[in-house]
Visitor: 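Below is one structure. I have some questions about it.
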Amino acid sequence: MRFLSWRKAKHLTVIKPKCRICYSSTATFAAVFQDKIHITRKELCKLLHQRPPKSQLKQIHAQILTQELSSTASIVNSLIHCYLHIKEVTSARFLFLHHPLSSPPILIWNLMIRVYCKLQNSSESFSLFRQLLNLDHPIRVLPDEYTFTFIVTSCAHQKSFVHGKIVHGLVVRNGLESNLYVGNSLINMYSVFKITDDAYKVFDRIADRDVFSWTSLICGYANNGEMYQACEIFYKMPVRNDVSWAVIISGFAGNGRYMEVLLYLNEMLGSVEDKVRPNEAVLVCALSACANLGALEQGNWIHAYIKRNEIRDSSNMSTALIDMYAKCGRIDIARLIFNRIPRPDVHNFTSMISGLSYHGLGDHALTVFNRMLDANVNPNEVTIIGMLNACSHSGLVEEGSSIFYNMENLWGIKPQIEHYGCYVDLLGRAGYMEKALGVVKNMHIKPDIVIWRALLSACRIHRNIFLGNSIINFIQKLNSDGPSGSEVLLSNMYASLGNWEKVSEVRNAMGQRKTQSDIGCSWIEVQQKVNLYRDDGFFNCMSLPVYQIERGMEGCSVELNLMSSVSFSAFLFRYAFASFQESMDVSSSFSLTTGTSMPLSGFDLPKFLWSRTSGRAG
DNA sequence: ATAGGGTTAG
């Protein structure tokens, strides 16, 4: 065996491995073909064990071929490992297919199944799994806990309940259900399926649960909208990490309970648990909560927190910041943030465009949209919705129409029901009633209530009582026994057309059926007081620094001094889920701690009414 | 000869 000097080798690809192949610190290992350098099998193994980068791996592979080592199982196994490490799945798959053993060991099967699982290519991992199960004596290899972990995860990705049930059966038959990893993936799978009972059953059978088991279960409850159970588990779990916090917080965000998002963020900030600091996911959720609550002050605070803690400003983060500032009325700051992004991506552009559209700045939105196209960034379906809304609110009919009619051929976006809704709204607002009706008639999807509402509201604006009436008749036929939401709409439509007899007719019918619907509410801050208005006439008022939460129905009233975030949160938790229990004496349930300030100044959280207040009528 | 490899959120 000979080695090249550094000078001689420089035309070749140079490898400086850290293993013992380096006979001197600058020793060179060069391409096999040119110089016929021979290295021993042991050395090859060591090199492979380092998971070399692509170019070097190819050289080593060539060396293996020339030395006819490609029939040595352990070498091929290592090679597959290396190719998967650099994400060259096709090469790995080739080696797997031509494996020297009639069946590769289970580890290699697992590696192959795992890579397809990671790539979200469930059909490939299923197909490999099927092949594995079909192996016969004497080459039979049995799936182990690793195999099942990946396959269960693939079922979750595929959202295939049937596969999931079959695989679960196999897991049980192999006695692996109580295995921590398999169990955790099963909990996750049922969480994705939103079958929380089954998730809990698996959770119950795991003896030594870890933070993943608990977190997966919380995730399942949150996905299924069962925030009460999610909170219960969250408080019960012995150790929480930042992911657990992220799950519960994003759970609240996903269920539209933005007040609790901020409360839990606040509690997280005060947490003494190790390494529990708000991460990007949590902060993005919190910003979105601020956006939805119109909580500019809290949003500002979070922005400052991000800067102060030098949290990497990712694309998601700047998108969330732009959205928050735009929805909280500070389109100027939103633009400032947007303009500072060196290479905005589609999400950044979209939040900027949507923001401009809420502010009625259609022509600015159009400028940003053109800038986006110039930068070769393709819009997505949300961008188009933003643009259609922008055009709609600024009367840019031609521009909007051109975007609507070209979205499919220019950017491959098939118009969805939302796009039709926006476009009909655009035409209707501008007074092109016949055109709007024509679009609805020629839709390739069945028009939904939103579309009819857009048309009706156009009828109202342009006082087209004839068309309005025919649409109302049509809706009535559509929803003879439909959900109550359309009845509310219907009565509003009659009201907007001034047909009060019909209004009372619909309202009476609703009353008899005991319609349950979300109560709308809005609030406004006047002189340090938050005033809440609810559709059902319930009026609520909070003043600072003593927060008073009134529940008109029970007549129970609670005064809260500035208490620690933890007890405040616990209070809200209990209060929220006591759900109108008559016997509950809130003020005595908690010893209120006074004087403990919020962990960080400027975070005047209880200023905002808690979103549960706008929940369902009891 | 033997180990090797994995799960959760956004």
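Just so it is clear: chains get the letters A, B, ... in the order the sequence lines come, proteins before strands, and each one is counted from 1. Computed from a prediction, not measured in an experiment: that's the story for all the values here.
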Visitor: Between NE2 of A:His85 and OG of A:Ser78, what distance do you get to the nearest 0.5 Å?
Guide: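 If I round to the nearest 0.5 Å, the distance is 13.0 Å.
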Visitor: How would you label the contact of A:Asn279 with the nucleic acid (heavy atoms, under 4.0 Å): base, sugar-phosphate, or nothing?
Guide: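 A:Asn279: base contact, heavy atoms under 4.0 Å.
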Visitor: Between B:dT7 atom P and A:Gln120 atom CD, what is the distance in whole Å?
Guide: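 Distance check: A:Gln120 CD to B:dT7 P gives 12 Å.
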Visitor: What closest approach, in Å, do A:Ile331 and A:Met352 show between heavy atoms, and which atom pair accounts for it?
Guide: CD1-CE, 3.9 Å
Visitor: Round to a whole Å and report the spacing from CG of A:Asp144 to P of B:dA3.
Guide: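 Those two atoms, CG and P, are 13 Å apart.
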Visitor: Touch check for A:Val247, heavy atoms < 4.0 angstrom, all strands: base, sugar-phosphate only, or nothing?
Guide: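 Here A:Val247 touches the backbone only, sparing every base.
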Visitor: Heavy atoms under 4.0 Å, any strand shown: does A:Ser213 hit a base, just sugar-phosphate, or nothing?
Guide: nothing
Visitor: Does A:Asn223 have a side-chain nitrogen or oxygen under 4.0 Å from the phosphate oxygens OP1 or OP2 of B:dA9?
Guide: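 Indeed not, no polar side-chain atom of A:Asn223 lies that close.
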Visitor: With heavy-atom distances below 4.5 Å as the criterion, would you say the side chains of A:Leu176 and A:Asp144 are in contact?
Guide: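 When only atoms from C-beta onward are counted, A:Asp144 and A:Leu176 do not touch, as no gap falls below 4.5 Å.
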Visitor: Take the protein atom CZ of A:Phe193 and the nucleotide atom P of B:dT8, then report the distance between them rounded to whole Å.
Guide: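 Rounding to the nearest Å, CZ of A:Phe193 and P of B:dT8 are 14 Å apart.
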Visitor: For the pair made of NE2 in A:His157 and C1' in B:dA9, what is the distance, rounded to whole Å?
Guide: 12 Å
Visitor: Mind checking A:Ser185 for me? I need base, sugar-phosphate or nothing, with any heavy atom below 4.0 Å counting as a touch.
Guide: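 Nothing, no heavy atom under 4.0 Å.
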Visitor: Rounded to the nearest Å, what distance is computed from the CZ atom of residue A:Phe150 to the P atom of nucleotide B:dT8?
Guide: 10 Å
Visitor: Using OP1 and OP2 only, check whether a side-chain N or O of A:Thr215 sits under 4.0 Å from B:dA9.
Guide: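 Checking B:dA9 against A:Thr215, no side-chain N or O comes under 4.0 Å of OP1 or OP2.
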Visitor: Any carboxylate oxygen within less than 4.0 angstrom of a Lys/Arg side-chain nitrogen, looking at A:Lys201 and A:Asp204?
Guide: no
Visitor: Tell me: CG of A:Asn241 to P of B:dG10, nearest whole Å?
Guide: 14 Å
Visitor: In whole angstroms, how far is the P atom of B:dG10 from the CD1 atom of A:Ile249?
Guide: 12 Å
Visitor: Measure the distance from OH on A:Tyr146 to P on B:dG4 and round it to the nearest whole Å.
Guide: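 About 8 Å, once rounded to whole Å.
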Visitor: Among B:dT7, B:dT8, B:dG10, which nucleotide sits nearest the side chain of A:Ser250?
Guide: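 My answer, after comparing the listed nucleotides, is B:dG10.
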Visitor: Enter the distance from A:Ser271:OG to A:Trp245:CH2 here, rounded to the nearest 0.5 Å.
Guide: 5.5 Å
